[in-house]
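Data block below; observations after.
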Amino acid sequence: MHSISLMMKRTECMEPDAVIRMAHDIVERRAAEDDHIAYAKSVSNETEGSILETACAFANNYMSAEIGLLLIGIEKEGDRLSGQRAVPA
């Protein structure tokens, strides 16, 4: 069981420290990208459009019971053991 649940009710207010702990937990356990987690190595002219699309997708999902986390500064790779794509490098 993970120490911090990724799925938070949107009505809950998260303190900044809780968000930081959640982000560290996600990266440490090498969670794969999904509908609620996205990684971006950096923000540049080349990646700006993709990052904005992800942010818009998370915003469009606002009425669901889950939040989305876009973690910038995380390089991603495929996980050879599980076959999952886009896990933190």
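All of these numbers come straight from a predicted model, not from anything done at the bench. Residue indices begin at 1 and follow the sequence shown.
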Tell me whether Leu70 is reachable from Val43 by hopping between hydrophobic residues (I, L, V, M, F, W, Y) whose side-chain heavy atoms are closer than 4.5 Å. yes

Identify whether Val19 and Tyr39 are in the same connected component of the hydrophobic contact network (ILVMFWY, side-chain heavy atoms under 4.5 Å).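 Per the 4.5 Å side-chain linkage, Val19 and Tyr39 are co-clustered.
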
Please check if the side chain of Thr47 supplies one atom and the backbone of Ser44 the other of a donor-acceptor pair under 3.5 Å.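 Yes: the side chain of Thr47 pairs with the backbone of Ser44.
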
Is the closest basic N to carboxylate O distance between Arg21 and Glu15 below 4.0 Å?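 Not counted as a salt bridge, because no side-chain N and carboxylate O are separated by less than 4.0 Å.
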
For Arg29, is there an ion pair with Asp25 - N to carboxylate O distance below 4.0 angstrom?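 So Asp25 pairs with Arg29 through a salt bridge.
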
Supply the atom-to-atom distance [X] [atom1] to [Y] [atom2], rounded to the nearest 0.5 angstrom.
X     : Y     : atom1 : atom2 : answer
Ser42 : Ile74 : OG    : CD1   : 11.5 Å
Phe58 : Glu53 : CZ    : CD    : 12.5 Å
Glu33 : Lys76 : CD    : NZ    : 3.5 Å
Ile72 : Ile51 : CD1   : CD1   : 4.5 Å

Starting from the C-alpha separation in whole Å, work towards a yes-or-no answer on salt bridge (charged side-chain N to carboxylate O under 4.0 Å, His left out) for Lys41 and Glu46. CA-CA 11 Å; Lys41 181 179 178 181; Glu46 292 81 32; over 6 Å; no

I'd like to know whether His36 forms a side-chain contact (heavy atoms from CB on, under 4.5 Å) with Leu69, so could you lay out the CA-CA distance, the side-chain angles of the two residues, the decisive distance to 0.1 Å, and finally the verdict. CA-CA 6 Å; His36 309 286; Leu69 294 173; over 6 Å; no

Please find the pair of heavy atoms, one from Ala31 and one from Ile37, that lie closest to each other, and give the distance.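 Shortest heavy-atom separation between Ala31 and Ile37 comes out as CB-CD1, 3.8 Å.
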
